[in-house]
Asker: 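Have a look at the structure that comes next, please.
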Protein chains: 2
Amino acid sequence: MNLIQVLHQIAPEILGIIEQRYAVLRVVYYKAPIGRRALAQELHLPERLIRNELEFLVDSGFVVKSSSGAALSAGGERILLQLSEYIRQMRGLSDLEQELGCRLNLKAVIIVPGNADHDPIVKQDLAKATARYLRRCIKDGDILAVSGGTTLAEVAKSFGQNGVQRNIMVVPARGGLGEDVELQANTIAARLAQGLGGSYRLLHAPDNVEPHLVDTILQEPSIREVVSLCRRAHVLLHGIGTAEEMARRRGLHDDHVMQLIVNGAVGEAFGYYFNDLGEVVYSTASVGIRMEDLAKIPLIVGVGGGKSKAWALLSVIRLGYCDVCITDEGAARKVIQILKSREEM
Amino acid sequence: MNLIQVLHQIAPEILGIIEQRYAVLRVVYYKAPIGRRALAQELHLPERLIRNELEFLVDSGFVVKSSSGAALSAGGERILLQLSEYIRQMRGLSDLEQELGCRLNLKAVIIVPGNADHDPIVKQDLAKATARYLRRCIKDGDILAVSGGTTLAEVAKSFGQNGVQRNIMVVPARGGLGEDVELQANTIAARLAQGLGGSYRLLHAPDNVEPHLVDTILQEPSIREVVSLCRRAHVLLHGIGTAEEMARRRGLHDDHVMQLIVNGAVGEAFGYYFNDLGEVVYSTASVGIRMEDLAKIPLIVGVGGGKSKAWALLSVIRLGYCDVCITDEGAARKVIQILKSREEM
DNA sequence: GTTGTCGGGACAAAAACGATCCCTCGGGGG
DNA sequence: CCCCCGAGGGATCGTTTTTGTCCCGACAAC
């Protein structure tokens, strides 16, 4: 029995204290400089309590205050990092990771605390965790294929700049999709390449294309080349989204979206829509990576958080083409719950 | 940086909570069944607080209440054991053990939390730790020699009964001394033998004997045999006392005692009185083990707690004939302090 | 039977908390 | 250049929780 378990039993109230203090630190870190009131609103805690916490943190030297609000000191950032590891343990996330990995046959699972549906900061944590993982597993000479979406955009943002030039090629795994340039695979590929100190290619093609045009488009040499790189990727990083979200981003009509949902579509990946058993219920023609290419990619990393994405995660993982899953506590617990309820049936 | 250090920084108040809860558990364990008021008095805490603590502990199932007071449940004893290890870590006793071991060239150091001078329960903890250590290191066929004193009496008491018969011989390392039968080496040897499941011999001789009579007494076969066993002991366990305490127990006159103290005597072992540098300043003739026999004993364990015994401990250890030291936090910190102040000089 | 201590109930004092105020100040936008 | 917003700090005040104390009936030991 380790210290955390003992504490759980002998002094359960302190875990709340720690989590609260951790929550404050974390928000200050991500939102610095931030004032008491904003902090209180963010954390749904009374302002006075925030004041006490801040006072303590300032006295301890973890937080510095300026006229524009509170920010973490260097020591604060250090302690936050340390603390986050123990928070994971406290919530039993290490165990949860093991359980998920075992049940779903994954090479690795990384779970960050919280629920991205309710707390936007969790998405940033997720992104940071993904960035850390990527930095660790990408080797020189690798080709990294990336998809789009808000989560991966966050990953790219959290990457920062890496001065060291490395021989890494980042390619978008899908074409252009929807409106927001920040969420495009192209944009993300470029950002990630910067962050990793590598180079990148752009895929100048729409993702959503008339089936009979796919072959024509692929004859265009610049597109062909990128797609071919993509299919030889060593690592594929893709954001996992709900079917509905993806269908809307693709600009499908409302009734078409409804149709998908009625058919049980919960997840989407590279133009294929799955039900929660991992069966394809609909597919759109797609420039970029295709299902049959996935088998050849040594490492596929799926990223997605929030309880609402649990079914999507499950469906994508069930496909068997996901080796590493990076998600959050909300989604992970829901997935486990779904799996357990299925066992009982 | 481990969890405890992180907690120290991020939430120092919780260490207090833990220590307090631990203190309650410990007292309940040693004084069961005990009531709120007695508990409050013992711990110097307000009664109401004790009530809250007890309520929590009862709800958690660690404590059971009867009409005669509170007592630990099986789960409570388990958690207390677990907790004590972490308390050691919290107070940095593991580090302290290492430091002492290193500075004084000891094979092993065991330090229990607290100060036996102020809190009698610490002596019981010390005894329990000693018992645990003995159980671990005594092998079949060993001869164990023991001295007397209050601390060792406590060790014997805490040993309990061990049903398993083993081939272990316990012999007293010194003769009879003073009045109280409970503190005699003979009594303790007998008790320890029972606890260890071994056999014992008694040394029917006074410890304090006229010098010219020593040889005569040693001619008595029953005495000779025990002393000879003693000198071939594999393990020697001796309680460390202050020179003054031992001199008084030996029944020396007040002015003689004063003389000793003026001469710098701070520690005593087997009839020899040392100053704090480990030099012999006085010796009485002694039946039983002698200084020159110590070198031949493979494992010498010294036990003693309380800040007041720091100098005695230091003097005995400085002799070089102590391999393992079992003491408490109060004494250990004082010893370190003494050593450091000497370095500065 | 007396006595001491047990747990539990009750209650006032005190402290902590929570929700708002107000004031001052600095920086960015008009 | 000035104004205004949001920052921190301090203060108020009713409410809730915690704390300190006392008392009571019960049980066990003497």
Side-chain angles (χ1 to χ4, degrees), chain A residues 10-77 120-121, chain B residues 10-77 120-121:
Chain A
I10 203 63
E13 76 267 29
I14 71 148
L15 297 183
I17 299 178
I18 309 278
E19 293 231 12
Q20 180 173 303
R21 204 149 284 175
Y22 167 72
V24 173
L25 273 179
R26 195 177 58 128
V27 173
V28 171
Y29 174 71
Y30 282 114
K31 297 277 172 82
I34 187 174
R36 284 189 327 232
R37 279 164 258 259
L39 213 44
Q41 200 171 12
E42 183 84 32
L43 292 165
H44 306 289
L45 289 172
E47 185 200 323
R48 184 50 189 267
L49 211 144
I50 296 294
R51 214 149 143 185
N52 293 341
E53 292 289 322
L54 277 185
E55 196 173 332
F56 164 79
L57 290 170
V58 169
D59 287 349
S60 311
F62 296 129
V63 163
V64 285
K65 277 187 177 179
S66 66
S67 64
S68 56
L72 288 199
S73 67
E77 294 195 15
I121 289 182
Chain B
I10 203 62
E13 75 266 29
I14 72 148
L15 297 184
I17 299 177
I18 309 278
E19 292 231 13
Q20 179 173 301
R21 203 151 283 173
Y22 167 72
V24 173
L25 273 178
R26 195 178 55 129
V27 173
V28 170
Y29 173 72
Y30 283 113
K31 296 276 172 84
I34 186 173
R36 280 188 332 226
R37 278 163 262 259
L39 211 44
Q41 202 171 13
E42 183 84 33
L43 292 165
H44 306 289
L45 289 172
E47 183 199 325
R48 187 51 194 261
L49 209 146
I50 297 293
R51 210 157 159 182
N52 294 341
E53 292 288 317
L54 277 185
E55 196 174 330
F56 165 79
L57 290 170
V58 168
D59 288 347
S60 312
F62 296 129
V63 163
V64 285
K65 277 188 177 178
S66 68
S67 64
S68 57
L72 287 199
S73 68
E77 294 196 16
I121 289 184

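Only a predicted model underlies this, so the values are computations on that prediction, with no experimental measurement involved. Here is the naming used below: chain letters follow the sequence lines, and residue numbers restart at 1 for every chain.
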Asker: Which atoms form the tightest heavy-atom contact between Ile10(A) and Phe56(B), and what is the distance?
Answerer: O-CE2, 3.2 Å
Asker: Who are the side chain to side chain contact (heavy atoms under 4.5 Å, CB included) partners of Arg37(B), not counting sequence neighbours?
Answerer: Glu47(B)
Asker: Using a 3.5 Å cut-off and no angle test, enumerate the donor-acceptor pairs between side-chain atoms of residues 13-20 of chain B and protein atoms at least two apart in sequence or in another chain.
Answerer:
residue	atom	partner	partner atom	Å
Glu13(B)	OE1	Arg21(A)	NH1	3.4
Glu13(B)	OE2	Arg21(A)	NH2	3.3
Glu19(B)	OE1	Arg91(B)	NE	3.1
Glu19(B)	OE1	Arg91(B)	NH2	2.7
Glu19(B)	OE2	Arg91(B)	NE	3.2
Gln20(B)	NE2	Glu53(B)	OE2	3.3

Asker: Where is the tightest heavy-atom contact between Val63(A) and Ala70(A), given as atom of each residue plus distance?
Answerer: CG1-CB, 3.8 Å
Asker: Please state how far atom CD in Glu53(A) lies from atom C1' in dC17(C), giving the value in whole angstrom units.
Answerer: 14 Å
Asker: Do you know the tightest heavy-atom contact between Val64(B) and Ser73(B)?
Answerer: CG1-CB, 4.3 Å
Asker: Can you list everything that forms a side chain to side chain contact (heavy atoms under 4.5 Å, CB included) with Ser68(B)? Sequence neighbours excluded, please.
Answerer: Pro33(B), Ser66(B)
Asker: Does a side-chain N or O from Asn52(B) land closer than 4.0 Å to OP1 or OP2 of dT19(D), or not?
Answerer: yes
Asker: Over how many whole Å does the gap from Glu55(B) atom CD to dG8(C) atom P extend?
Answerer: 9 Å
Asker: With a 4.0 Å cut-off on heavy atoms, is Leu49(A) in touch with a base, just the backbone sugar-phosphate, or nothing at all?
Answerer: sugar-phosphate
Asker: Produce the list of close N/O pairs, under 3.5 Å, pairing protein atoms with atoms of nucleotides 7-12 of chain D; give distances to one decimal.
Answerer:
residue	atom	partner	partner atom	Å
dG8(D)	OP1	Ile34(A)	O	3.4
dG8(D)	OP1	Arg36(A)	N	3.3
dG8(D)	OP2	Arg36(A)	N	2.7
dG8(D)	N7	Arg37(A)	NH2	2.8
dG8(D)	O6	Arg37(A)	NH2	3.3
dG9(D)	OP2	Lys65(A)	NZ	2.5
dG9(D)	N7	Arg36(A)	NH1	3.0
dG9(D)	N7	Arg36(A)	NH2	3.0
dG10(D)	N7	Arg51(A)	NH2	2.2

Asker: Under 4.0 Å from any atom of DNA chain C, heavy atoms only: list the residues of residues 11-31 of chain A that qualify, in numerical order.
Answerer: none
Asker: Under the salt bridge (charged side-chain N to carboxylate O under 4.0 Å, His left out) definition, can you give me all pairs with a residue in residues 25-35 of chain B, not counting sequence neighbours?
Answerer: Arg26(B)-Asp119(B), Arg26(B)-Asp125(B), Lys31(B)-Glu42(B)
Asker: Nearest whole Å is fine: how far is dG18(C) C1' from Leu45(A) CG?
Answerer: 12 Å
Asker: With a 4.5 Å cut-off on side-chain heavy atoms, are Leu39(A) and Leu54(A) touching?
Answerer: yes
